[in-house]
Amino acid sequence: MEINYVNSVFEQMTLEEKIAQLIQLTRDFYQADSKKVSLTGPMDEMGINKAVVHNSGSVINAIGARDVIKIQREHLKNNRLGIPLLFMGDIVHGYRTIFPVPLAIGCSWDMDLAEASAAIAAREASAAGLHVTFAPMVDLVRDPRWGRVMESTGEDPYLNSLFARAFVRGFQGSQLNDNTRVVACVKHFAAYGAPEGGRDYNTVDMSERQLRESYLPAYKAALDEGCEMVMTSFNTVDGIPVTGNTHLLRDILRGEWGFDGVLISDWGSVKELIPHGVAVDESEAANKAMQAGVDIEMMTPCYVNNLKELVENGALDETLIDEAVLRILNLKHKLGLFENPYRGADEKLEQEILLCEPHRQAARELAAKSCVLLKNENVLPLQKHQKIALIGPFAQNSDILGPWSIYGSQTEAVQLYDGLKGKVDPSQLFAAKGCDIQTGTHEQVEEAVQTAREADVIVLALGENSEMSGEAGSRADIRLPNVQLELIAKLKQLNKPMVAVLFNGRPLDLHGVIENVDSILEAWFPGTEGGSAIADILFGDTNPSGRLTMSFPYSVGQIPVYYNHFNTGRPKNAPQAQERYVSQYLDIPNEPLFPFGFGLSYTTFSYGEVNLSAEYVTEEEPLIVSVEVTNTGRVEGEEVIQLYIRDMVGSVVRPLKELKGFQKISLRPGETKNIEFRITVDQLSYYHPDLQYKSDLGAFSVFVGPNSRDVSALRFELRNSSSDCSAK
Ligand code: BGC
């Protein structure tokens with residue numbers, strides 16, 4: 001079928017039909033023919049009629065092959081031109097088989113596994129009839145008070161960009177007419193991850209340089225990988241809400257980047273231009289979003305109720321509507337929906353593949369790779385002969401899938417207790433809750449203490465429930481809830497080895513934990529196979545290899561705290577620094593508790609001397625950085641060797657470190673590998689005061705090490721040519 005077909009459908013559309021293509025509604029609106037559901041309520045509320053629903057372009061949150069096929073079939077009967085609906089939804093870290101939350105996946109530093117997880121999610125969701133997923137979320141994050149950090153892969157633009165690409169490849173595959181894949185919609189464009197004070201939906205304000213340098217690259221990377229859709233964000237940037245921000249959407253996204261795919265608003269964000277205070281009513285909101293280039297309005301009726309009049313009174317050029325409609329029709333065409341409006345929806349296939357064993361295995365592997373061992377004083381791995389007391393509100397708790405796992409079921413999740421039961425004789429395993437997540441009783445604590453008395457080692461399963469992070473899940477105090485800290489303190493009195501396993505959606509302030517336990521395993525929200533994966537790690541069947549992609553603050557007062565910050569004019573550790581008048585806190589350290597890139601293993605690695613192939617890099621000659629890494633411990637393990645650079649003198653201040661490369665390798669005990677990185681001139685560029693992206697001649701530092709803190713440093717220069725010694 002040719003694109004001409006799209007044009008011929010388009011030619012036949014009335015203005016009303018075109019405008020209705022631009023609204024996205026929930027599944028409730030499509031059940032008019034079901035006797036049980038009366039549609040009048042929701043339609044009245046929106047001020048829309050049946051004709052709008054019959055001509056609408058897409059549905060959110062209708063999923064399941066049977067449902068999708070039924071809705072599509074009815075819709076095609078009602079739609080004069082037979083234009084199929086697009087089915088969209090949030091498949092963020094798995095559909096039915098739930099993978100760890102994206103922040104955890106980030107800690108794997110493993111692009112292949114990330115891609116595979118998205119491909120599995122796409123396979124399951126497409127069988128359930130979905131066409132578009134609202135993922136990947138690639139917002140850069142520096143503030144763990146914000147509940148949505150769990151949806152991001154972390155604080156680094158380079159790493160986030162690699163993950164953005166991996167997820168897009170996984171969701172979309174190479175051909176959109178492949179019915180086992182879904183369209184990816186990168187979100188939330190732009191800079192949603194920087195709300196003031198970490199409070200969701202709050203103001204974002206930053207320099208254009210900061211925006212371009214840190215926050216935009218991951219969205220751009222997703223588009224470079226072929227991502228078909230973009231979602232706008234709720235926040236303002238430079239005083240203008242993004243959904244009506246022509247600079248971001250028209251100039252940068254569509255103009256500079258040449259994005260010609262479908263741009264969708266976030267839920268209700270067109271209408272929110274009114275409370276933001278840039279539109280007086282729905283008509284002005286609709287006009288602003290249209291002018292900015294938003295094609296689909298999710299779940300508010302500003303477009304359908306106002307665009308026609310705006311065209312008729314000359315306030316809006318009709319060609320903008322035409323362009324939006326054509327983009328939507330083209331996407332339907334690319335997905336093959338005009339030929340087969342049911343696409344991958346297949347009840348039989350659903351039965352076969354949802355949560356099938358290979359998918360569970362993949363989830364287990366990725367969950368284990370996402371766990372980060374933060375502390376270990378000779379307690380882990382556990383020994384099979386030990387008596388283990390598993391204590392805490394997550395000991396036997398299935399709330400481990402995390403936010404955005406709407407189509408997974410907690411009943412299908414492997415709890416930690418069940419995971420451990422698979423490893424040891426049940427007579428060696430005792431469990432007690434000790435307290436609930438946020439409340440507790442004296443009896444619960446007593447029971448826990450009694451239970452723990454019997455054991456050789458105490459494994460504490462602690463954390464946040466899934467409602468405590470995610471959208472609208474901001475917290476100002478990011479310590480574990482008090483009852484859990486009290487439980488730790490009480491058990492500490494038994495003087496037994498204690499391991500804390502943490503289930504949570506954000507870096508926490510670990511006061512009350514770090515000083516009281518011997519080992520800490522950060523498990524995040526690990527997904528369906530969480531209990532098995534953690535048991536694999538606790539018993540050493542899998543050696544932990546996760547590395548943090550978001551700093552763990554020392555305390556909330558440091559936030560935002562991130563590795564790639566500036567030096568300031570009065571850095572604390574400079575040779576001539578005064579005692580007082582330096583950039584510091586009087587009461588806490590400047591450094592985070594655990595830095596970006598940090599994570600332990602059950603083995604140890606030693607780094608040899610770092611070598612450079614030359615003292616300089618030029619356009620023609622890349623610089624080769626090499627280092628030998630040896631496994632000096634007794635078990636096989638994976639290490640993530642990280643390479644950072646610093647431009648010592650720029651025309652704007654450059655970060656103290658920027659990640660430019662990494663390699664994740666596996667080493668057997670005693671094995672040594674020589675690791676090489678290439679530094680090219682391109683990697684040394686940055687946005688100058690005139691926003692030109694280019695590099696400066698002169699001195700750079702290169703750092704190599706196991707995390708962003710513990711590195712060896714060397715100097716090199718960027719020169720015009722190998723014979724040029726003029727660079728400062
Ligand atoms: C969220 C988006 C999500 C959308 C649709 C919004 O509230 O911000 O991330 O894709 O809802 O569910």
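Worth saying up front: this structure is predicted, and the values here are computed from it rather than measured. Every number for a ligand or one of its atoms is a count from 1 in the order of the listing.
- Between D295 and R327 a salt bridge is recorded (basic side-chain N to carboxylate O distance below 4.0 Å).
- Under the 3.5 Å distance criterion, with hydrogens and angles disregarded, no donor-acceptor pair is assigned to the side chains of T133 and Y95.
- In this structure, a donor-acceptor pair under 3.5 Å is absent between the side chains of Q291 and T246.
- Remark: distances from the non-hydrogen atoms of M137 to ligand 1 are all 4.0 Å or more.
- In terms of protein heavy atoms, atom 10 (O) of ligand 1 is closest to D90 OD1, 2.5 Å.
- Defined by atom type and a distance below 3.5 Å, a donor-acceptor pair is present between the side-chain atoms of E297 and T300.
- Within the structure, no pair that satisfies the salt bridge (charged side-chain N to carboxylate O under 4.0 Å, His left out) test touches residues 122-134, not counting sequence neighbours.
- By the 3.5 Å distance cut-off applied to N or O atoms, R148 is counted among the residues near ligand 1.
- Residues S152 and D139 bring no donor and acceptor atom of their side chains to less than 3.5 Å of each other.
- On a distance-only criterion, W267 and ligand 1 share no N/O pair closer than 3.5 Å.
- Between W109 and F596, the ring-plane angle classifies as tilted under the 30° and 60° cut-offs.
- Here K187 has side-chain heavy atoms under 4.0 Å from ligand 1, and that is the only part of it that gets that close.
- In the vicinity of F134, heavy-atom distances shorter than 4.0 Å reach the ligand 1 atoms 10 (O).
- The protein atom (non-hydrogen) at minimum distance from atom 7 (O) of ligand 1 is E471 OE1, 2.8 Å.
- Looking at atom 4 (C) of ligand 1, its nearest protein heavy atom turns out to be D266 OD1, 3.3 Å.
- Ionic pairing of D67 and R27 is present here: one or more N-O contacts between side-chain nitrogen and carboxylate oxygen are shorter than 4.0 angstrom.
- Residue-level proximity to ligand 1 for I60 is carried by the side chain, the only part with a heavy atom below 4.0 angstrom.
- Put simply, no part of E151 is less than 4.0 Å from ligand 1, judged by heavy atoms.
- In terms of protein heavy atoms, atom 9 (O) of ligand 1 is closest to H188 NE2, 2.7 Å.
- With 3.5 Å as the limit, one finds a donor-acceptor pair spanning the side chains of Y201 and E471.
- Under a 4.0 Å criterion applied to the non-hydrogen atoms of M231, ligand 1 contributes the atoms 10 (O).
- Under the 4.0 angstrom criterion for non-hydrogen atoms, F234 is in contact with ligand 1.
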